[in-house]
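Here's the structure, in structure tokens; my notes come after.
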Amino acid sequence: MNDSIVLDADTPFDLDATLGCGQAFRWEKDADGTWSGTARGRAVRIRQDEETLSFSGADKAFVTDYFALDLDLNEILASIDTDPAIHRAVTSCTGLRLLRQEPFETLISYICATNTNIPTVKKRVRLLSERYGTPLPGGAHAFPDAVTLAPCSEDALRACVLGYRAPYICTTARMCADDPDWAAQVADLPYPEAKTELLRFPGVGPKAADCILLFAFQQYEAFPVDVWIRRIMRRAYLPHLNESGGMSPREYEEIASFARRHFGRYAGWAQEYLYCVREDDR
DNA sequence: GTCCAGGACGTGG
DNA sequence: CCACGTCATGGA
């Protein structure tokens, strides 16, 4: 560790909650509590001891931006903390922050994340990086960029345990390589139009699009609804929804629009806090 | 072995 | 528009 940041009293931050909540797939925690991972083409190590963040492989500006330490989290939490259910999540995960992740990596990662579980997603992203990403000091690999991934054959991608998602990722990488400006264009659009743009990529549906907008584009009104969030929202807020069966586009929109009404413009933060405290009791 | 997971897509009604 | 089957993979 060759650099550090001391957080002041009104900058709550919880590194474990932030990296462990499932928004990013390329971080691992050592036995001694140090996290190792890659982000935006760097191999980074970082640990938190109380109010002190110690890190290497990145400078203060990078850490501040990637972990969104510049945002007033107290203000965000105060704005979403409107009922007992979200209050429990907010109090038990205070310090969880939404990262600012790289758009192409997030796009591909959340195509990898459909209808599966987090350990499997991490394996897919790790294999893609090891096989096609630039080697970094320390043995890690950056996530490959679109131009590198675009020429890969469908079978080669399938070998990264992508299953039926291989052709989606193949086509999506080529679309991005052919339009290097895609992310800048999405970044300039308001939420509904940005979502429509992301839905053009094969393998990206409403849920993946909302994750990408939330984690890579800081569209904080995005409210991704997966099976966990659906269960939580049904139990805490929308008991008339039936639990069984797949989720229709209308039900998705009903849940998400309720969340935006109920939690306000930081609904996406509420989503991540609710997801963080999900319980597998059903 | 069965069921489920940070769902999306194609088809038929 | 809606309901339904299908799509690989791995962990529990």
Side-chain angles (χ1 to χ4, degrees), chain A residues 17-28 89 93 96 98-99 101 103 105-128 130-131 152-173 175 195-217 219-220 222-235 241-256 259 267-282:
Chain A
T18 299
L19 291 180
C21 70
Q23 59 176 320
F25 301 108
R26 299 217 59 207
W27 292 91
E28 299 294 339
C93 299
L96 166 63
L98 295 185
L99 300 168
Q101 302 192 63
E105 174 176 346
T106 310
L107 171 61
I108 298 299
S109 295
Y110 278 91
I111 294 176
C112 291
T114 58
N115 192 25
T116 186
N117 49 56
I118 290 177
T120 305
V121 180
K122 292 172 79 170
K123 182 178 182 180
R124 291 175 179 139
V125 176
R126 179 177 57 77
L127 287 172
L128 284 172
E130 286 174 357
R131 296 181 185 186
C152 296
S153 74
E154 208 175 290
D155 284 343
L157 293 178
R158 203 178 295 271
C160 299
V161 293
L162 300 179
Y164 61 88
R165 304 163 191 81
Y168 301 156
I169 288 169
C170 207
T171 302
T172 293
M175 288 170 70
K195 185 166 180 176
T196 300
E197 279 303 299
L198 290 180
L199 290 174
R200 295 186 311 113
F201 294 110
V204 176
K207 189 272 177 181
D210 277 331
C211 285
I212 297 160
L213 289 170
L214 191 54
F215 303 138
F217 291 98
Q219 287 280 3
Y220 295 142
F223 192 88
V225 184
D226 60 20
V227 296
W228 298 104
I229 289 297
R230 179 197 191 191
R231 204 171 287 145
I232 292 166
M233 292 298 289
R234 177 191 157 299
R235 293 205 310 209
L241 298 178
N242 51 355
E243 177 74 32
S244 58
M247 187 165 35
S248 67
R250 276 157 328 294
E251 183 180 347
Y252 187 102
E253 198 45 44
E254 179 181 355
I255 295 171
W269 288 73
Q271 189 272 1
E272 205 56 16
Y273 273 80
L274 291 171
Y275 186 80
C276 185
V277 298
R278 68 191 181 282
E279 293 170 13
D280 195 0
D281 54 4
R282 274 183 276 266

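All values derive from a computational prediction rather than experimental measurement. Throughout, a chain's letter reflects where its sequence line sits, starting with A, and its residues are numbered from 1.
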Intermediate values then yes/no, side chain to side chain contact (heavy atoms under 4.5 Å, CB included), A:Phe215 and A:Leu98: CA-CA 6 Å; A:Phe215 303 138; A:Leu98 295 185; 3.9 Å; yes
Whole-Å gap separating C1' (C:dT6) and CG (A:Asn115): 10 Å
Between C:dC1 (C1') and A:Glu251 (CD): distance, integer Å: 16 Å
Whole angstrom value for the distance that separates P of B:dC4 from CD1 of A:Ile118: 18 Å
Donor-acceptor contact below 3.5 Å, side chain A:Gln219 vs main chain A:Asp210: no
Spacing between A:Tyr110 atom OH and B:dA8 atom P, to the nearest angstrom: 12 Å
Close side-chain approach of A:Glu154 and A:Arg158, heavy atoms under 4.5 Å: yes
Test item: A:Arg165 side-chain N/O and A:Thr114 main-chain N/O as donor-acceptor pair under 3.5 Å: yes
Extract from the structure each pairing of a protein N or O with an N or O of nucleotides 2-4 of chain C at less than 3.5 Å, listing the distance.
unit_1, atom_1, unit_2, atom_2, d
C:dC2, OP1, A:Arg250, NE, 2.7
C:dC2, OP1, A:Arg250, NH1, 3.4
C:dC2, OP2, A:Arg250, NH1, 2.3

Any residue meeting salt bridge (Lys or Arg N to Asp or Glu O under 4.0 Å) with A:Arg234, in chain and number order, not counting sequence neighbours: A:Glu243
Partner set under side-chain hydrogen bond (donor to acceptor under 3.5 Å, both in side chains) for A:Glu251, not counting sequence neighbours: A:Arg230
Worked check of side chain to side chain contact (heavy atoms under 4.5 Å, CB included) between A:Ile169 and A:Cys160: CA-CA 11 Å; A:Ile169 288 169; A:Cys160 299; over 6 Å; no
d(CZ, A:Arg124; P, C:dT9) in whole Å: 8 Å
Gap between atoms CD1 and C1', on A:Ile108 and B:dG7 respectively (whole Å): 16 Å
Touch class at under 4.0 angstrom, heavy-atom based, for A:Tyr252 against every strand present: nothing
Rounded interatomic separation in angstrom, taking OH from A:Tyr275 and C1' from B:dG7: 13 Å
Touch class at under 4.0 angstrom, heavy-atom based, for A:Thr120 against every strand present: sugar-phosphate
Selection from B:dG7, B:dA5, C:dG11 that lies nearest to any side-chain heavy atom of A:Arg231: B:dA5
Sugar-phosphate only, base, or nothing, as touched by A:Glu272 at under 4.0 Å among non-hydrogen atoms: base
Test item: A:Leu241 and A:Met233 side chains (from C-beta on) under 4.5 Å apart, heavy atoms: no
Side-chain donor or acceptor of A:Tyr252 paired with backbone N/O of A:Val225 under 3.5 Å: yes
Value in whole Å for how far the C1' atom of C:dC7 lies from CD1 of A:Ile111: 15 Å
Neighbours of DNA chain B within residues 198-208 of chain A, by heavy-atom distance under 4.0 Å: A:Phe201, A:Pro202, A:Gly203, A:Val204, A:Gly205, A:Pro206, A:Lys207, A:Ala208
Stems where DNA chain B pairs, listed by first number, each of three or more Watson-Crick or G-U pairs under 3.5 Å: B:2-5 with C:9-12, B:7-13 with C:1-7
Residue pair A:Gln23, A:Leu96: steps toward the side chain to side chain contact (heavy atoms under 4.5 Å, CB included) verdict: CA-CA 11 Å; A:Gln23 59 176 320; A:Leu96 166 63; 4.1 Å; yes
C:dG11 to B:dA8 separation - P atoms, rounded to the nearest Å: 23 Å
Any A:Tyr110 side-chain heavy atom under 4.5 Å of A:Lys207 side chain: yes
Residues within residues 154-171 of chain A bordering DNA chain C, heavy-atom distance below 4.0 Å: A:Arg158, A:Val161, A:Gly163, A:Tyr164, A:Arg165
Side-chain heavy atoms of A:Cys112 within contact of A:Leu162, under 4.5 Å: yes
Any side-chain heavy-atom pair of A:Val125 and A:Ile108 under 4.5 Å: no
Derivation and outcome, side chain to side chain contact (heavy atoms under 4.5 Å, CB included), residues A:Ile212 and A:Phe201: CA-CA 12 Å; A:Ile212 297 160; A:Phe201 294 110; over 6 Å; no
